[in-house]
Amino acid sequence: PMRYFAMKVLDKSRVHKENLSRYVMTERKVLSLISHPFVTRLRYAFQNPGYLFLVMDYYPGGNLSECLEREGRLPESRAKLYIAEIILSIQELHKHDIIYRDLKPENIVLDAEGHALLIDFGLSKEGVSSVSRGTKSFCGSCAYLAPEMLKKRGHGKAIDWYLLGVVLYELLTGVPPFYSENQDELFYNIENMALVFPEDMSNEVVDLISSLMIRDPLYRLGGQKDAEEIKSHCWFSEIDWDKLLQRKYRPERPKVKRLKLHQIQDKDLEFFSPEEQAKNNVVGWTFIDNPPPQNRL
């Protein structure tokens with residue numbers, strides 16, 4: 001059967017000009033290290049003199065941001081399965097002392113069966129073992145910043161659990177909590193305002209989101225025993241976590257777009273001499289070997 005892949009193409013000149021090398025190398029390293037049912041899978045990483053290429057599995061269901069644009073909001077039962085799968089993916093990252101830091105609907109994609117997977121690891125940070133400390137770098141999308149990120153006092157693993165609460169809130173309401181188009185007002189709200197919940201949300205999910213979004217990371221759900229605290233919350237009482245890890249739940253299948261096929265011919269490819277390959281080389285990314293002369297068109 002036909003297999004599809006997604007390819008991320010990065011312009012080396014832009015990577016160097018905008019000082020993005022650290023993020024590019026982080027994504028390459030994290031994807032090489034993590035093998036998990038709910039984390040995108042890296043198949044190949046290679047380069048030519050001008051570009052870096054990451055080839056990953058293709059997920060035809062689109063991302064959860066697109067899903068919200070179409071549907072407005074999701075029922076709790078459907079959001080629960082997505083969130084539970086993402087908990088397992090973040091738990092796996094945390095086991096390797098990696099924090100994700102960029103959790104938002106746009107970075108959660110659906111495969112053909114409807115399972116949720118994390119993508120885009122450029123803002124991840126390695127070597128973080130603490131709940132609330134480990135790094136002070138400021139990064140992320142405005143509506144998805146945790147209070148400790150705004151305060152710039154350092155953050156650790158608990159930041160991912162705060163963002164999990166933000167994403168769950170948005171999946172159930174259609175908008176991020178504290179949202180304002182005015183950035184200063186948004187940041188003020190994140191640091192100071194009380195959460196407001198629609199009346200039709202269950203008491204259990206209100207309690208879960210409120211516990212995940214406690215502003216002090218040491219008192220946040222997940223701040224003591226990481227994912228195990230969250231998995232034992234009553235909202236997940238009917239989830240069999242071993243069954244979930246084995247992908248045995250059957251989520252709603254997404255509508256899959258038909259792709260236009262383009263077959264790459266040998267004549268379409270550029271081949272580079274060893275001298276060319278040595279120019280602007282990025283360590284850890286390989287050049288594809290040139291084919292033998294008799295195979296060229």
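Because the structure is a prediction, the values reported are computed rather than measured.
In this pair, Phe46 and Phe53 present their aromatic rings parallel. The plane angle is below 30°, not in the 30 to 60° band.
The salt bridge (charged side-chain N to carboxylate O under 4.0 Å, His left out) check on Lys29 picks up Glu126, with sequence neighbours excluded. Listed by chain and residue number, nothing satisfies the salt bridge (charged side-chain N to carboxylate O under 4.0 Å, His left out) test with Glu69 (two or more places apart in sequence, or in another chain).
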message = If you apply the rule side-chain hydrogen bond (donor to acceptor under 3.5 Å, both in side chains), what do you find for Thr26 with Arg22, and how did you get there?
response = CA-CA 6 Å; Thr26 295; Arg22 178 178 54 173; over 6 Å; no
(Q) Is there a side-chain contact (heavy atoms from CB on, under 4.5 Å) between Leu195 and Phe178? Walk through the geometry before answering. (A) CA-CA 7 Å; Leu195 280 167; Phe178 310 128; 3.6 Å; yes
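Phe38 is listed as a side-chain neighbour of Arg247, based on a closest heavy-atom distance under 4.5 Å. For the pair Leu68 and Leu74, the minimum side-chain heavy-atom distance is below 4.5 Å. At a threshold of 4.5 Å between non-hydrogen side-chain atoms, the residues Phe197 and Leu172 do not count as touching. For the pair Arg253 and Leu110, the minimum side-chain heavy-atom distance is 4.5 Å or more. For the pair Val55 and Leu42, the minimum side-chain heavy-atom distance is 4.5 Å or more. Contact check for Ile214 versus Leu221: no side-chain heavy atoms found under the 4.5 Å cut-off. When side chains are defined from C-beta on, Lys104 counts as touching Asn107, because their heavy atoms get closer than 4.5 Å. No side-chain heavy atom of Glu27 sits less than 4.5 Å from a side-chain heavy atom of Ser124.
For residues 210-238, the ring pair (Phe, Tyr, Trp, His ring centres under 6.0 Å) pairs, not counting sequence neighbours, are Phe236-Trp241. The list of salt bridge (Lys or Arg N to Asp or Glu O under 4.0 Å) pairs with a residue in residues 193-210, not counting sequence neighbours, reads Arg73-Asp200. Every pair passing salt bridge (Lys or Arg N to Asp or Glu O under 4.0 Å) that includes a residue from residues 169-198 is listed here, sequence neighbours excluded: Lys151-Glu191.
For Arg220 (side chain) and Ala158 (main-chain N/O), a donor-acceptor pair under 3.5 Å exists by modelled atom type. Remark: side-chain polar atoms of Asp11 are not paired, donor with acceptor, to backbone N or O of Tyr51 under 3.5 angstrom. When atom types are taken as modelled, the side chain of Tyr162 and the backbone of Tyr144 share no donor-acceptor pair closer than 3.5 angstrom. Proximity of a side-chain donor or acceptor of Glu66 to a complementary backbone N or O of Asn63 within less than 3.5 Å is detected. Of the possible polar contacts, one joining the Glu229 side chain to the Gly222 backbone as a donor-acceptor pair under 3.5 Å is found.
In plain terms, the two heavy atoms of Ser180 and Asn189 that are nearest each other are CB-ND2, 4.3 Å. The shortest heavy-atom contact between Pro254 and Ala112 is CD-O, 3.6 Å.
The 12-atom threshold is exceeded at CE of Met201, counting heavy atoms of other residues, nucleotides or ligands nearer than 6.0 Å.
Looking at Asp226 and Lys95, no side-chain N of the basic residue comes within less than 4.0 Å of a carboxylate O on the acidic one, giving no salt bridge.
Cluster annotation: Val175 is not connected to Phe187 through the hydrophobic network of ILVMFWY side chains, with a link wherever side-chain heavy atoms come within less than 4.5 Å.
Counting side-chain heavy-atom gaps under 4.5 Å among Ile, Leu, Val, Met, Phe, Trp and Tyr, the cluster of Tyr59 also holds Val109, Leu117, Ile119.
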